[in-house]
2 protein chains.
Amino acid sequence: MKYIDKLRNSGLRPTKQRLQICEVLFNTEKTFHFTINELEQKIKDKIDNKISLATVYNTVHAFEKKGYLKQIPINSNQTYFDTNVTDHHHFYDLKNEKLIDLENSDVGPINIKRKINGKKIKSVEVLIKLED
Amino acid sequence: MKYIDKLRNSGLRPTKQRLQICEVLFNTEKTFHFTINELEQKIKDKIDNKISLATVYNTVHAFEKKGYLKQIPINSNQTYFDTNVTDHHHFYDLKNEKLIDLENSDVGPINIKRKINGKKIKSVEVLIKLED
DNA sequence: CACTTGTTTAGAATCATTATAAACAAGACT
DNA sequence: AGTCTTGTTTATAATGATTCTAAACAAGTG
């Protein structure tokens, strides 16, 4: 099926646990943000067997490495991930501590004029803080 | 003197520890980034008495609240702070886990096209991740 | 000096994350 | 099928940054 190939194509064995986590993460219309703990809760709600916390961490990191997830650079005590791996930006509502996705078209092109020797730009992300 | 007033004006008692931390943080020409552990090391190098780690945490958080420091939103196991509290952008070298300040002129104007009802933009900051 | 309140301190507690190492499962091969 | 190798899962322990605690201490006020 779709996730089996996805995993195999990136050198990850399609185990039962990984496929179930794929269902939770990717079998939705909308992308979303989550912490590991939120994901664990979602998994518990959706499936009846248990997936060890270590496996959730392993899988999320494996998926991040393969580009199926990405970390959101926010200062929080927990790490935030995003199932939207396209280049996109965020509003961060300081009052509610909530992240809001921006469409790429919501921000004009960003022109980086400075270069660092021997380094390539991997990503450009804008964080727009909002107040009342 | 200068720091005594600064502290008093924001409702913080000018204690010996806070004044010493002020010296380390603000008595320099250039602004800089640091983690709590790096700051602790710097304090150890500069002064002979010991400042408890808890005090360093307390002070940094108090200063952040008062706007003398700000947190830099990057994902790292340690929290990064910046003595440059003006709006500005960063390179983040993923390999060395080092932050590099950008001048405002290094990044072209950023056009935010979307609005959120009842919210104002407080800051717009770009994080550019670098790889080899 | 006495009093109040804010601050410092060492150490303990917390909590997210990572490491360990044994049990287990997938894929390949015969 | 069975065997082998390698990758994965798991519970648990370890790590490490940060926060909490509560007692000692210092600043400011009168």
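Predicted, not measured: the structure shown is a model, and the values here were computed from it.
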Novice: Nearest whole angstrom, please: distance from the P of C/dT9 to the CG of B/N49.
Specialist: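 One finds 8 Å between P of C/dT9 and CG of B/N49, rounded.
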
Novice: Measure the distance from NE2 on A/H61 to C1' on C/dT17 and round it to the nearest whole Å.
Specialist: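 Rounding to the nearest Å, NE2 of A/H61 and C1' of C/dT17 are 8 Å apart.
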
Novice: Looking at D/dT19, C/dT17, D/dT18, which one has an atom nearest to any side-chain atom of B/I36?
Specialist: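 Closest nucleotide among those given: D/dT18.
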
Novice: Nearest of D/dT19, D/dG28, D/dT9 to any side-chain atom of A/R18?
Specialist: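 Selected nucleotide (nearest to the side chain): D/dT9.
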
Novice: Please work out which of the three classes, parallel, tilted or perpendicular, describes the rings of A/F81 and A/F34, given edges at 30° and 60°.
Specialist: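 Judged by the thresholds at 30° and 60°, the geometry between A/F34 and A/F81 is parallel.
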
Novice: Please classify the nucleic acid contact of B/K16 as base, sugar-phosphate, or nothing, using heavy-atom distances under 4.0 Å.
Specialist: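 Result for B/K16 = nothing.
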
Novice: Taking the side chain as everything from C-beta on, heavy atoms only, tell me whether B/Q20 gets closer than 4.5 Å to B/K46.
Specialist: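 No, every pair of side-chain atoms sits at 4.5 Å or beyond.
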
Novice: How long is the line joining CG of B/L12 and C1' of C/dT5, in whole Å?
Specialist: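 In whole Å, C/dT5 C1' and B/L12 CG are 14 Å from each other.
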
Novice: More 5' along DNA chain D: B/R8 or B/Y80, using each one's nearest nucleotide?
Specialist: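 It is B/Y80 whose nearest nucleotide is closer to the 5' end.
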
Novice: Which of these nucleotides, D/dT10, C/dT8, D/dT18, is closest to any side-chain atom of B/L53?
Specialist: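 The closest nucleotide is D/dT18.
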
Novice: Separation of B/N77 atom CG from D/dT18 atom P, in whole Å?
Specialist: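 From B/N77 CG to D/dT18 P: 8 Å.
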
Novice: Among the nucleotides C/dT18, D/dA27, C/dA10, which one has an atom lying closest to any side-chain atom of B/A54?
Specialist: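 Comparing C/dT18, D/dA27, C/dA10 against the side chain of B/A54, the answer is C/dA10.
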
Novice: Could you tell me if B/K119 sits above the aromatic ring of A/F91, with its cationic atom closer than 6.0 Å to the ring centre and no more than 45 degrees from the axis?
Specialist: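 No, B/K119 does not lie over the aromatic ring of A/F91.
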
Novice: Using atom CD of B/Q17 as one end and atom P of D/dA24 as the other, report the distance to the nearest whole Å.
Specialist: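 Computing the B/Q17:CD to D/dA24:P distance gives 18 Å.
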
Novice: Quick one: is D/dT10 close enough that its OP1 or OP2 comes under 4.0 Å of any side-chain N or O from A/K50?
Specialist: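 Looking at the OP1 and OP2 atoms of D/dT10, neither is under 4.0 Å from any side-chain N or O of A/K50.
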
Novice: Using whole Å, report how far CG of B/N58 lies from C1' of D/dT21.
Specialist: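 So the two atoms are 12 Å apart, to the nearest Å.
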
Novice: At less than 4.0 Å, is any side-chain N or O atom of B/T79 found next to OP1 or OP2 of D/dA17? Yes or no.
Specialist: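 Checking B/T79 against D/dA17: no side-chain N or O falls below 4.0 Å of OP1 or OP2.
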
Novice: Would you call B/F63 and B/L7 a side-chain contact if the rule is heavy atoms closer than 4.5 Å?
Specialist: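 Answer yes - side chains close enough.
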
Novice: Which listed nucleotide (D/dA17, C/dT17, D/dT9) is nearest to the side chain of A/Y57?
Specialist: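 Of all the options, the side chain of A/Y57 is nearest to C/dT17.
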
Novice: Expressed as a whole number of angstroms, how long is the span from B/K65:NZ to C/dT7:P?
Specialist: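 Distance check: B/K65 NZ to C/dT7 P gives 11 Å.
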
Novice: With a cut-off of less than 4.0 Å, is there a side-chain N or O of B/T15 near OP1 or OP2 of D/dA26?
Specialist: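 It does not, given that no N or O in the side chain of B/T15 lies less than 4.0 Å from OP1 or OP2 of D/dA26.
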
Novice: State whether the number of non-hydrogen atoms from other residues, nucleotides or ligands found under 6.0 Å of A/K120 atom NZ is greater than 12.
Specialist: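 No.
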
Novice: Let me know the distance between CZ of A/R13 and P of C/dC24, rounded to the nearest Å.
Specialist: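 Checked: the CZ to P distance equals 17 Å.
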
